[in-house]
Structures are given as structure tokens and as C-alpha cells.
Undergrad: 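Dropping a structure here in C-alpha cells format, bear with me for questions.
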Amino acid sequence: MSRTVETAPTAAFDLVGLGWSPFFAEPFAPYAERGFLPGRVAVEHKIAYSVYLESGEVTASLAGKLRHRAQERADLPAVGDWVAVRQHPEAGAATIQAVLPRRSKFSRKVAGEATAEQIVATNVDTVFLVVALGHDWNARRLERYLVLAWESGAQPAIVLNKADLCPNVAANVREAEAIAPGVPVHAISAARGDGLDELRPYLGRGQTAALLGSSGVGKSTLINRLVGRDLLRTQEVREHDHRGRHTTTYRQLVVLPGGGALLDTPGMRELQLWGSEEPAGDTFDDIEAVAADCRFADCQHRTERDCAVREAILDGRLSQERLDHYFQLQQELAYLETRQDRLAQLKAKRSIKSATKLLNRHQPRR
Ligand code: GDP
Ligand code: ZN
């Protein structure tokens, strides 16, 4: 017998409040005809998913067909997805038959695999880009987060947290606005609860929000504030790990008291680290110091002659593991740069287009 996640009888879910809309209802129609139910993925477990249905929460596994037809992992359900669920009441089980098209998605390219895209959150409407005032906020990091946001299809909103620690909040708000023209900027203190009302408009019924930001900026504090501590405790799910032990996880898609949903997955948290990595120069001083002795100034430390880095690895001054990590980071940064370039090109193209339109408008047609 296969073990299932314990599911206490749960409250019904307001699907429209959770974001169900014609965008999903339309592609769902053929599944409705077959008697399937719409649901939203709330937790990704090791082998199953917790799904919110109108009637309550179920644990669902993947239908064989879906698993076999999936060309890549991006075709499989992720937290935030709307799915078509088939219930098998006689067996006390449910299966996910299909993943409905996504309005937005956050993903990361898995290093080393050419095509593997790991989806870490989907159908997010607003992504709060959280930075902490006072100490470490810098423009470049905020730009990276903006790229991630724009690429995802979600709308960014900048949250400057820890305003209580900062004597010149207004100047920081202006600076953020200059970096991200047109993006709303909110200065708050999650610890004190100041400014939270400014975030409510993003968190109403039918809306889904997520957070991006480096570790320590106050995301958990903010989430606790928005969700309410008591509610957060009730968000615990018990599941069995592969040894049959009980483990506790949190629901990754949380219904807020005001009706909206907040999405907080481990993958989003990793994306944060990834998105916020400083250029390798800061963290790989050891490698860069050795690299100064490479014969070629642009040495890639792979096959070049007289490479000081490879020599350092041969004689044990540097570890291969560390160099691999360095390569991986370089690759990810390069990937981000390309995405940033693409974004810049897109923006340039768009402004050329609108400039051309403007010009055409003032020119007599022939
Ligand atoms: P996370 O890593 O982004 O989830 O950050 P946490 O929520 O764990 O917060 C990191 C630290 O910052 C904790 O010690 C919080 O108490 C503190 N913190 C969070 N928000 C605020 C704030 O608005 N003001 C101040 N002064 N401290 C805060
Ligand atoms: Zn070298």
C-alpha cells in the first residue's frame, strides 16, 4: 500500500479568491467535460502534490499519462499551477491529469543541463522585490531582481524594508524609483508593522503575490505579518519522508486573511540567492589572486597553456570543487547578463518602435 500524506478534513476553498479566472477556465473546459476538477497546487512533496480544490485539500499524484508525456520537467506541475484533477473517491486518491497554461512563471536554468528548466513558482501576479534599508542595498542587485520579475511575467513592486533603521528613507525611495521607473516603491518596517497597508492592494481576493530578496532582508518577518502567526501555524502539513517518518512542512501557497494568496517556495528562496549573487570577484578572491599569474589575461582556466589556476589545483592549493563552483557561478552570471542584454534590447526596440510610430503620425501619408 502506498503511503499518503495525512489530510485532515479541510475547509473548502474559494477558487476565484485563489485566482481562478477565465484565463484558466477556458483551457479547462475540455477537462470539465470529462468530470475533472480544477485545483491549485499548494505544496510539492517528493512524490505527490497538495492541491486546493473547491471541496478542500487533496493529495494528488501524477497521472501516468502526464508523467510519460512530459518532455521536460517544466511540463510537470509546480507550486502555483492550476491543474485538472481526477478524484477516485473509491480509492481515496486523486491524480493530476493536466497542467493548465501559466500566466507567469519563475524558473531557473539548472546548471550543467542544457535544456533543464526548473520551475519554482507559477501564476504569480505581483512579486515584491524586498531589500533592506540601512545596510546592504545596492542598485545592481535590485536590477537583477527586476530582470527576474520582468522575465517571469509577474508585476514587480519594490519593498524597502527596515525603514525604521534608516534616517533618509525618502532619498532611498527616490533612488529606487530612478533605478526602476514606473515600478511602485514602498518603504515599510515589517518588524514594526509600518507601511503594510500600502501592500494590501496587491493582496486582495484573486491575487497572488510572492517575494524575492536576499537572505536577512526580512521576508519571513513580512510574511508572518501578512499571514498572521496563528494562521501560519495552521499551515503546517505532516508528511512521510522516504523512511516513513513524519516530517512537517509548510504549505507553500498560503491563503491570506484578506483573500489573496502568498506563494513562498524553497525554490523561490534559492532563486533569491542566485539572483543576488554578487559578481564573483567579491567571493572568489582566492581564485582571482592565483589567476593573476595565468599566462593569458583572459585565461578561462580550462585548456590554456601556463594556467596558474590549474597548477594550483594540481598541487593542492585550490580545490577542484571550488573551481567548479566558480565556473558554475560564472555560467549563471553570464546567463543572467544575456537575459539582461535581451531585456535592454527589447526595451530599446520598443522605444524605437514607439518613436517610429510617433514620427509616422506626424508625416503625411503618400
Ligand atoms: P529573511 O531571511 O529575508 O526571511 O529575513 P528575516 O525575516 O528572517 O529577518 C532577518 C532579521 O531582520 C531578523 O532579525 C528580523 O527581526 C529583522 N527584521 C525584519 N524586518 C525588520 C524591520 O522592518 N526592521 C528591523 N529593524 N529589523 C527587521
Ligand atoms: Zn588560468
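Whatever order the structure lists ligands and atoms in, that order sets their numbers, starting from 1. All values reported here derive from a predicted model rather than from experimental measurement. Any value given below was found using the heavy atoms of this structure, including those in side chains, with hydrogens, waters and symmetry copies removed.
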Undergrad: Side chains of Ser61 and Arg67: any donor to acceptor distance under 3.5 Å?
TA: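 Looking only at side-chain atoms, Ser61 and Arg67 do not form any donor-acceptor pair under 3.5 Å.
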
Undergrad: Hey, which atoms in ligand 1 end up nearer than 4.0 Å to a heavy atom of Ser189?
TA: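 The atoms of ligand 1 under 4.0 Å from a heavy atom of Ser189 are 22 (C), 23 (O), 24 (N).
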
Undergrad: Within ligand 1, which atoms have a heavy atom of Leu165 less than 4.0 Å away?
TA: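 So the answer, numbered in order with elements, is 26 (N).
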
Undergrad: Can you figure out which of Ala190, Gly195, Ser215, Gly216 has its heavy atom closest to atom 23 (O) of ligand 1?
TA: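 Result: the heavy atom closest to atom 23 (O) of ligand 1 is in Ala190.
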
Undergrad: For ligand 1, is there an N or O atom under 3.5 Å from any N or O atom of Gly218?
TA: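 Right, the criterion is met.
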
Undergrad: Test your reading of the model: is there a side-chain donor-acceptor pair from Asp194 to the backbone of Ala190, 3.5 Å cut-off?
TA: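 Such a contact is absent between Asp194 side chain and Ala190 backbone.
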
Undergrad: I'd like to know if atom 10 (C) of ligand 1 has any protein heavy atom within a distance of less than 4.0 Å.
TA: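 Yes, at least one protein heavy atom sits under 4.0 Å from atom 10 (C) of ligand 1.
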
Undergrad: Among all residues two or more places apart in sequence or in another chain, which pass the side-chain hydrogen bond (donor to acceptor under 3.5 Å, both in side chains) test with His186?
TA: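 In terms of side-chain hydrogen bond (donor to acceptor under 3.5 Å, both in side chains), with neighbours along the sequence ignored, His186 is linked to Glu198, Tyr202.
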
Undergrad: Would you call Arg69-Asp75 a salt bridge at under 4.0 Å N-O?
TA: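 Salt bridge absent between Arg69 and Asp75.
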
Undergrad: Does ligand 1 have any atom sitting under 4.0 Å from a heavy atom of Ala132?
TA: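 False for this residue.
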
Undergrad: Starting from atom 4 (O) of ligand 1, find the nearest protein heavy-atom neighbour and note its residue, name and distance.
TA: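 Going by distance alone, atom 4 (O) of ligand 1 is nearest to Ser220 OG, 2.6 Å.
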
Undergrad: For Ser214, take its heavy atoms, then give the atoms of ligand 1 lying under 4.0 Å from any of them.
TA: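 Per the distance check, 3 (O).
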
Undergrad: Does the plane of the ring in Trp20 sit parallel, tilted or perpendicular to the ring in Phe24? Use 30° and 60° as the thresholds.
TA: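 Trp20 and Phe24: parallel rings.
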
Undergrad: With no hydrogens and no angle check, do the side chains of Thr122 and Asp81 hold a donor and an acceptor under 3.5 Å apart?
TA: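 Yes, Asp81 and Thr122 have a side-chain donor paired with an acceptor closer than 3.5 Å.
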
Undergrad: Does Ser152 reach the main-chain N or O of Ala154 with its side chain, forming a donor-acceptor pair under 3.5 Å?
TA: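 Checking the backbone N and O of Ala154 against the side chain of Ser152, a donor-acceptor pair under 3.5 Å is found.
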
Undergrad: Calculate, to the nearest 0.5 Å, the distance between atoms NE2 and CD belonging to His301 and Glu311 respectively.
TA: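 Answer rounded to 0.5 Å: 12.0 Å.
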
Undergrad: Side chains of Ser214 and Tyr145 only: does a donor on one sit below 3.5 Å from an acceptor on the other?
TA: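 Distance-only check passes for Ser214 and Tyr145.
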
Undergrad: Report the part of Asn161 in contact with ligand 1, treating N, CA, C, O as backbone and CB onward as side chain, heavy atoms under 4.0 Å; options are side chain, backbone, both, neither.
TA: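 Under 4.0 Å from ligand 1, Asn161 contributes side-chain atoms alone.
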
Undergrad: Taking Glu304 for its side chain and Gln300 for its backbone only, find out whether a donor-acceptor pair lies under 3.5 Å.
TA: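 Checking the backbone N and O of Gln300 against the side chain of Glu304, a donor-acceptor pair under 3.5 Å is found.
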
Undergrad: Does at least one non-hydrogen atom of Gly213 fall below 4.0 angstrom from an atom of ligand 1?
TA: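 No; Gly213 lies far enough from ligand 1 that no heavy-atom distance drops under 4.0 Å.
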
Undergrad: For atom 14 (O) of ligand 1, decide whether some protein heavy-atom distance is shorter than 4.0 Å.
TA: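 False for atom 14 (O) of ligand 1.
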
Undergrad: Which residue and atom name correspond to the protein heavy atom nearest atom 24 (N) of ligand 1, and how close is it?
TA: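 Heavy-atom neighbour on the protein nearest atom 24 (N) of ligand 1: Asp164 OD1, 2.7 Å.
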
Undergrad: Of the backbone atoms (N, CA, C, O) and the side-chain heavy atoms from C-beta on, which set of Ala163 has a member under 4.0 Å from an atom of ligand 1: side chain, backbone, both, or neither?
TA: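 The answer is neither.
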
Undergrad: How many protein atoms of type N/O/S are positioned less than 2.8 Å from the Zn ion (ligand 2)?
TA: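 Every protein N, O or S atom under 2.8 Å from the Zn ion (ligand 2) counted, the figure is 4.
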
Undergrad: Salt bridge (Lys or Arg N to Asp or Glu O under 4.0 Å) with Arg205: which residues, sequence neighbours excluded?
TA: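 Only Asp14 meet the salt bridge (Lys or Arg N to Asp or Glu O under 4.0 Å) criterion with Arg205.
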
Undergrad: Going by the closest heavy atom to atom 12 (O) of ligand 1, which one wins out of Lys162, Arg225, Lys219, Arg192?
TA: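 Heavy atom nearest to atom 12 (O) of ligand 1 belongs to Lys162.
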
Undergrad: With atom 16 (O) of ligand 1 as the reference point, say which of Thr221, Ile188, Val217, Leu211 has the nearest heavy atom.
TA: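 Ranked by closest heavy atom to atom 16 (O) of ligand 1, first place is Thr221.
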
Undergrad: Give a yes or no answer on whether the side chain of Arg225 reaches the backbone of Leu196 with a donor-acceptor pair at less than 3.5 Å.
TA: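 No: the side chain of Arg225 does not pair with the backbone of Leu196.
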
Undergrad: Taking the side chain as every heavy atom from C-beta outward, state whether Asp164 and Lys162 have any atom pair closer than 4.5 Å.
TA: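 Yes - at least one pair of side-chain heavy atoms lies under 4.5 Å apart.
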
Undergrad: Mind checking side chain to side chain contact (heavy atoms under 4.5 Å, CB included) for Arg295 and listing every partner two or more places apart, or none if nothing turns up?
TA: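 Once residues adjacent in sequence are excluded, the partners of Arg295 under the side chain to side chain contact (heavy atoms under 4.5 Å, CB included) criterion are Arg305, Asp306.
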
Undergrad: Among all protein heavy atoms, pick out the one at the shortest distance from atom 21 (C) of ligand 1; state its residue, atom name and that distance to 0.1 Å.
TA: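 I find the closest protein heavy atom is Ala191 CB, 3.5 Å.
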
